[in-house]
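See structure below.
Heads up: numbering here begins at 1 and tracks the sequence.
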Amino acid sequence: MDGTFYRHAHEFLQRGLDLLFPPRCAGCRRCGHLLCSSCLRTMQPFSTPLCRRCGMPLASVAASCAACRRDHFRLDGLRFVNLYQGALREAIHALKYVGQKRLAEPLGLLLAQAFSAYGMSIDGLVPLPLHSQRQQQRGYNQSALLARVCARHLKLPCLEDLVIRQRATRTQVGLNVQERLQNVSGAFALAPNVNPCSLTWRRLLLIDDVCTTGASLEACAAPL
């Protein structure tokens with residue numbers, strides 16, 4: 001039997017458990033949903049003009065913001081669901097640090113909806129890998145969980161074995177921009193079995209749970 005059967009069976013069982021033990025919204029703690037409709041409304045993609053590179057909202061239509069006109073990226077651009085605040089921040093924190101892996105489903109759907117809203121066109125999704133030590137400690141890679149759900153909704157491949165994290169790094173929390181860049185420099189590499197020629201002209205979407213300065217995404221983009 002394929003994975004679809006087991007996924008549907010798990011979902012059926014989970015619905016039964018939810019009747020006995022109703023979930024609470026990760027954003028507002030109200031009973032009944034993992035993320036309630038009120039909190040989800042605060043997480044919708046921006047409809048205002050965006051910087052072509054970093055995706056930040058702009059006050060008026062322009063190609064790029066002042067910061068992106070100064071800096072150069074390996075990435076073609078950045079897009080995100082919304083700012084890391086409020087209910088979205090609570091939901092990502094619960095997914096990443098509290099073990100609430102079920103939140104990957106509504107959050108991954110939000111990623112897919114943002115993808116469609118921004119009109120992107122790609123060949124596959126690549127979740128940022130964790131170092132083996134970090135993944136063993138946490139038990140899962142939250143970015144991979146999000147990418148799988150997003151890929152399933154978009155009917156696109158999720159390429160989890162394309163890039164590896166070859167060097168353990170300290171957490172980026174509390175570091176300034178230069179420290180973040182230095183911390184993750186050279187941390188990523190193509191997996192040993194990947195032929196670089198197979199990536200020629202392929203459009204890849206890197207998936208991470210949070211982007212602060214973009215240092216990790218830039219470092220992962222480097223070997224690609």
Side-chain angles (χ1 to χ4, degrees), residues 51-56 64-85 88-89 91-99 101 104 107-108 111 114-115 120 122-148 150-151 158-196 198-199 202-224:
C51 172
R52 183 178 62 84
R53 299 301 300 275
C54 71
M56 287 296 290
S64 58
C65 66
C68 289
R69 287 194 293 270
R70 290 195 309 268
D71 300 328
H72 300 282
F73 302 105
R74 293 185 178 93
L75 297 167
D76 289 329
L78 290 168
R79 291 295 180 270
F80 46 90
V81 171
N82 210 297
L83 299 179
Y84 185 57
Q85 61 186 16
L88 183 57
R89 179 188 181 112
I92 293 174
H93 186 275
L95 168 66
K96 189 171 184 176
Y97 298 114
V98 190
K101 294 190 288 184
L107 292 174
L111 282 174
F115 176 93
M120 290 185 272
I122 59 165
D123 298 311
L125 291 82
V126 180
L128 258 70
L130 289 177
H131 190 267
S132 57
Q133 294 176 357
R134 181 71 57 82
Q135 181 147 344
Q136 187 172 17
Q137 292 170 354
R138 186 169 295 160
Y140 57 93
N141 178 354
Q142 72 281 354
S143 297
L145 297 181
L146 292 169
R148 289 171 200 165
C150 183
C158 184
L159 308 171
E160 297 185 48
D161 299 323
L162 199 59
V163 184
I164 60 171
R165 198 156 189 154
Q166 62 182 353
R167 178 171 63 80
T169 57
R170 60 177 173 145
T171 179
Q172 298 277 69
V173 177
L175 303 181
N176 62 35
V177 175
Q178 290 303 316
E179 289 171 337
R180 285 170 178 262
L181 290 169
Q182 188 174 25
N183 186 40
V184 294
S185 177
F188 300 90
L190 290 182
N193 61 337
V194 173
N195 179 2
S198 68
L199 302 178
R202 296 188 72 182
R203 299 160 300 175
L204 302 174
L205 178 65
L206 301 181
I207 298 289
D208 203 2
D209 56 339
V210 178
C211 174
T212 304
T213 63
S216 295
L217 289 164
E218 277 283 289
C220 189
L224 292 169

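- Between atom CG of residue N82 and atom CG of residue L88 there is a gap of 6.5 Å, rounded to the nearest 0.5 Å.
- Two residues are said to be in side-chain contact when any heavy atoms from C-beta on lie closer than 4.5 Å; L95 and D209 fail this criterion.
- Remark: L190 CG to D161 CG distance equals 12.5 Å, nearest 0.5 Å.
- When every heavy atom of C158 is checked against every heavy atom of A147, the shortest pair comes out as SG-CB, 3.8 Å.
- A donor-acceptor pair is defined here as one N or O able to donate and one able to accept, closer than 3.5 Å; no such pair exists between the side chain of R79 and the backbone of C54.
- For S216, the side chain to side chain donor-acceptor pair (under 3.5 Å) test picks out no residue, with sequence neighbours left out.
- Minimum heavy-atom separation, N141 to P129: ND2-CA, 3.7 Å.
- Qualifying ring-ring contact (aromatic ring centres under 6.0 Å, His included) partners for H131, counting only residues two or more places apart in sequence or in other chains: none.
- Between the side chain of R53 and the main chain of C65, no donor-acceptor pair closer than 3.5 Å is present.
- To the nearest 0.5 Å, atoms CG (L128) and CG (L146) are separated by 11.5 Å.
- Residue Q182 places its CD atom among 12 or fewer non-hydrogen atoms of other residues, nucleotides or ligands, all under 6.0 Å distant.
- Here OG1 of T171 is found 7.5 Å from CZ of R180. Values are rounded to the nearest 0.5 Å.
- Note that CG of N176 and CG of N183 are 11.0 Å apart. Values are rounded to the nearest 0.5 Å.
- For the atom pair L125 CG and S143 OG, the distance stands at 11.5 Å (nearest 0.5 Å).
- Among L224, L159, I122, the single residue meeting the side-chain contact (heavy atoms from CB on, under 4.5 Å) criterion with R202 is L159.
- Checked by atom type and distance alone, the side chain of Q142 never pairs as donor or acceptor with a backbone atom of A104 at under 3.5 Å.
- Shown here for E218 and L75, the closest heavy-atom pair between the two residues is OE2-N, 3.1 Å.
- Residue A144 comes nearest to E160 through the heavy atom pair CB-OE1, 3.7 Å, listed as atom of the first residue, atom of the second, then distance.
- For the side chain to side chain donor-acceptor pair (under 3.5 Å) test, residues two or more places apart in sequence or in another chain that qualify with R165 are T169.
- Within the 4.5 Å cutoff, the side chain of L181 has heavy atoms near those of the V177 side chain.
- Two residues are said to be in side-chain contact when any heavy atoms from C-beta on lie closer than 4.5 Å; L206 and V163 fail this criterion.
- Residue A189 comes nearest to Q166 through the heavy atom pair CB-OE1, 3.5 Å, listed as atom of the first residue, atom of the second, then distance.
- Contact record, K96 with Y140: O-OH, 3.7 Å, taken as the closest heavy-atom pair.
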